[in-house]
Amino acid sequence: NRAACYMKLGEYGMALKDVDQCLEIEPKFVKGITRKAHIYFWTKEYHKALQWYELGLQEEPNNEELRNGVERTVAKIEEAQQSGQVDEDRVRKAMADPEIQNILQDPVMQSVLKDCGENPAAANKHLQ
């Protein structure tokens, strides 16, 4: 419940810490999974939100809140892709994400990114 209070206050970092502690004790606790998905949604980490909503649906396939979360998240992802605009806040958060930092440190990924930057047509080759 404290995580829900933190969320209402916009203290998503504190809410995430509480939810993570909850999920350490009970990894399949759907209310905790749902809150974690909501946190990622409200912090515009839509791909992470989608992963957590889908994880919750594996436990409770008929959970309406999780289903609505998936729909809302997919809509936001599609909206962002269609607008073509860059959400600077989302980019900043992504670049601070340790998982993304690890990917960017990979020499193969650095080579791919350099290649795509120098030759945009190369992106198609790397996507195959």
Can you name the closest pair of heavy atoms from [X] and [Y] and give their distance?
{"X": "Trp52", "Y": "Leu23", "value": "CZ3-CD1, 3.8 Å"}
{"X": "Ala15", "Y": "Ala3", "value": "CB-O, 3.5 Å"}
{"X": "Gly32", "Y": "Cys22", "value": "CA-SG, 4.5 Å"}

Can you confirm whether or not the ring centre of His38 sits under 6.0 Å from the ring centre of Tyr53? yes
Determine, using ring centers only, whether Tyr12 and Tyr6 are less than 6.0 Å apart. no
Using a 4.5 Å cut-off on heavy atoms from C-beta on, say whether the side chain of Leu66 contacts that of Val30. yes
Any side-chain heavy atom of Tyr40 sitting closer than 4.5 Å to one from Tyr46?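 SC-SC contact between Tyr40 and Tyr46 ruled out.
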Within the side chain of Thr73, is there an N or O that forms a donor-acceptor pair under 3.5 Å with the backbone of Gly69? yes
Can you check whether Leu16's main-chain N or O pairs, donor with acceptor, with Arg35's side chain at less than 3.5 Å? no
Evaluation steps, side chain to side chain contact (heavy atoms under 4.5 Å, CB included), between Asp20 and Lys17: CA-CA 5 Å; Asp20 284 340; Lys17 284 181 184 180; 5.8 Å; no
For Lys48, I'd like to know if atom NZ has over 12 heavy atoms of other residues, nucleotides or ligands within 6.0 Å. yes
What residues, two or more places apart in sequence or in another chain, satisfy side chain to side chain donor-acceptor pair (under 3.5 Å) together with Asn102? none
Go through the steps for Glu78 and Val74 under the test side chain to side chain contact (heavy atoms under 4.5 Å, CB included), then give the verdict. CA-CA 6 Å; Glu78 289 174 354; Val74 168; 3.5 Å; yes
Before you tell me yes or no, could you show the steps for Asn62 and Arg67 under side chain to side chain contact (heavy atoms under 4.5 Å, CB included), namely the whole-Å CA-CA distance, both residues' side-chain angles and the distance that decides it to 0.1 Å? CA-CA 8 Å; Asn62 297 319; Arg67 286 179 175 202; 3.2 Å; yes
